[in-house]
Protein chains: 2
Amino acid sequence: MKPNRIKLSDVADAAGVSAATVSRALRNPDIVSQKVRERIQFVIDELGYVPDPAARALASARTDVIGVLIPSVTNSVFADVLRGIYSAAEGTSYRIQLGNTRYSVLEEEKLLKVFLSQRPAGLIVTGIDQSAASRAMLLKAECPVVQIMETGDRPVDMMVGFSHREGAFAATCHLIENGYKRIAFLGARMDPRTQRRLEGFSQALREAGLLDERLIVTTPRPSTVTLGSELLGELLARAPDADAVFCNNDDLALGVLFECQRRRIAVPDELGICGFNDLEMMAVANPAITSVRTFREEMGGRAFELLLGSLNGAPVGEGIVDLGFELVRRESTRRSALN
Amino acid sequence: MKPNRIKLSDVADAAGVSAATVSRALRNPDIVSQKVRERIQFVIDELGYVPDPAARALASARTDVIGVLIPSVTNSVFADVLRGIYSAAEGTSYRIQLGNTRYSVLEEEKLLKVFLSQRPAGLIVTGIDQSAASRAMLLKAECPVVQIMETGDRPVDMMVGFSHREGAFAATCHLIENGYKRIAFLGARMDPRTQRRLEGFSQALREAGLLDERLIVTTPRPSTVTLGSELLGELLARAPDADAVFCNNDDLALGVLFECQRRRIAVPDELGICGFNDLEMMAVANPAITSVRTFREEMGGRAFELLLGSLNGAPVGEGIVDLGFELVRRESTRRSALN
DNA sequence: TTGACAAATGAAAGCGCTTTCATTTTTCTA
DNA sequence: TAGAAAAATGAAAGCGCTTTCATTTGTCAA
């Protein structure tokens, strides 16, 4: 059963040194003489020695695991963030351990417990709305923690994100400026970030005296392109005079666009469409769809770098990074004639 | 630094039993008397004991880690597979460790080595085109292995997938049957699965005497919706008489559709479009796009279940699962008048 | 050259579990 | 009720590393 796997002591024997020296050559090469270090490296290559992470973790009371908690593996927004994380992790000795919370704070709590039991080197968690129990666990975790996707006061440790509220606010102002009067909100899933986008939306319209609650259509269902089509149908049944929609995200926006094509509703003249996140396809849709670009891959990368810095004893503080957003104006909101 | 974390022996002391018994109560409850078992459970809850996975791994020479190797975290195809895996893993004691090979066999080799060093409980790898070294490692791995996404002879251990060749063949036949004569292939990334789709495509056209190599447009670039638009442009520049495109995947197909809308090319009459994978948005596009549905989430789920079965000592053999595919005919290939 | 100090190395004690083997307790059969 | 077999438990030896502390080796100024 147990194969004759090469272990540290085998290397030590073959190199004619003690196990301690081999361990040091691996963990802390500087304190081993060059001659010995090279001999050890040679033997390691020769024998194909690979350290056992479990043994190392047990002996040193720490691992090279970075735990990452995201609400969904299929949502491309998080996929982008993940890619950023994996890219940044490339070449380091850290391993990513992914947890899928499915947008559930309870699930998050459970996963956090499991992750923490492994003594992770660091933790990346999504959002700022952890349960009290989760927050408590994070606060007393003996590793650096980065909250991503949003910024806010009260960080557990570090943060990298942007303001969804402001992003939505900016997008809505843009619609208002372009002369739209009956601006609707289409929202799915309604997770905390979506809620804050709705706040930004509402605020902009309220300030312009244009807010009409009947133009807000939301559902707890996860957002899909199909759902975008459906929600537009609902909206128009309820308020046929809507002249623009701000979609909680790009999937919905695309669904709205398809539905407009189907119903022969002219975009942007009869209906303006604005999405959120600026997925790649927004630019190539017909017409191209206005969206709020977010820097998802960079967010993942920065989160990992923050962790790394903290692990290398970088000065703490300066732990909140606001990546901002960028309103990308495209045809879908470019009205040819202002009404 | 080292906090007074509760350990097994603390539980044992508090429960008035030996450490061995606590360990058994955790790993193998049946062999501990009910009375003792309940007492131990009570103490565990009381103290909030959480086992240290590193210690367990070291002592038992195995972990509860299932390693998963996929070529991309952003490609929604793999995201779907992942979701299937995570769903199936839900409730089991296994942890998923994700590795991103970035479509590189060398990267795969490196990750495999890292994963194997952890003595994983099981391994899920993508595709059947591992390097010789990777294959060797997999063959002598002391854990069950499932290859996903494709079927083939020569499985390392178990397999769950489908035939990309046949999927593409069926789709192409469908185009031929619908009267298209100048059928093009648009392919991006050109990974092994894409290659096999191209084979299926070519075979169908060859059999029909319609194959024209000039209608095959490929690029090593990763596929995106934008790229679909671009490739259509390339195709039409090269062969303006193309009357249908089989797209290597749905992203490209969507890009093609947008480009058609832009160029006022009538779909399906002037140009038929067929995608691959049948992403959710295919059905709601305008017109709805014909695609080859694949069962990605189920694939992930089955892969995990196969692993689980094998770990629970299920009868080996029967390790190749072909999930098939389903050609979903939609408007984008429904010609109103046969030419 | 010598002594003092720094650098390099080794010996050995764990890290927190699992597991074998031995021992005790319980259950069952005759 | 005795005796044997089964069930339950405990003692103790590791699993493969890291790390402290002690020791040896090397370096340099006097």
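Each chain gets a letter, A, B and so on, in the order its sequence line appears, and its residues count up from 1. Both backbone and side-chain heavy atoms feed into the values below; hydrogens, waters and symmetry mates do not.
Proximity note for Ala59(B) (side chain, C-beta onward) versus dA12(D), dC17(C), dG10(C): the nearest is dC17(C). Side-chain proximity of Ala20(A) to the nucleotides dC17(D), dT19(D), dT9(C) is greatest for dT19(D). The nucleotide whose nearest atom lies closest to any side-chain atom of Lys7(A) is, among dG16(C), dC17(D), dG10(C), dC17(D). When distances run from any side-chain atom of Val36(B) to the nucleotides dT9(D), dG10(C), dG16(D), the shortest one goes to dT9(D). Taking every side-chain heavy atom of Asp52(A) into account, dG16(D) is the closest of dG16(D), dT18(D), dC17(C).
dC15(C) atom P lies 11 Å from atom CZ of Arg119(A), rounded to whole Å. Arg37(B) places its CZ atom 9 Å from the P atom of dA8(D), with the value rounded to the nearest Å. Atom OH in Tyr49(B) sits about 7 Å away from atom C1' in dG16(C), given to the nearest Å. Rounded to whole Å, atom P of dC15(C) lies 15 Å from atom CD1 of Ile6(B). dC17(C) atom P lies 15 Å from atom CZ of Arg62(B), rounded to whole Å. When rounded to the nearest whole Å, the span between CG of Leu58(A) and P of dG16(D) equals 12 Å. The separation between Gln118(B) atom CD and dC17(D) atom C1' is 15 Å, rounded to whole Å. Protein atom CD1 of Ile40(A) is 13 Å distant from nucleotide atom P of dC17(D), rounded to whole Å.
Just one of Thr21(A), Ile40(A), Leu26(A) meets the side-chain contact (heavy atoms from CB on, under 4.5 Å) condition when paired with Val11(A); it is Ile40(A).
Side-chain contact between Gln130(B) and Val105(B): absent, with no pair of heavy atoms (C-beta onward) separated by less than 4.5 Å.
Looking only at atom types and distance, the side chain of Ser87(A) has a donor-acceptor partner in the side chain of Arg102(B) under 3.5 Å away. There is a side-chain donor-acceptor pair under 3.5 Å between Glu109(B) and Ser131(B).
Put simply, the side chain of Asn75(A) never gets that close to the backbone of Ser72(A): no donor and acceptor are under 3.5 Å apart.
A heavy atom lying under 4.0 Å from DNA chain D marks the following residues of residues 22-34 of chain A, by number: Ser23(A), Arg24(A), Arg27(A).
Using a cutoff of 4.0 Å between basic side-chain nitrogens and carboxylate oxygens, Arg119(B) and Asp52(A) are scored as salt-bridged. With salt bridges taken as basic N to acidic carboxylate O contacts below 4.0 Å, one links Asp191(A) and Arg193(A).
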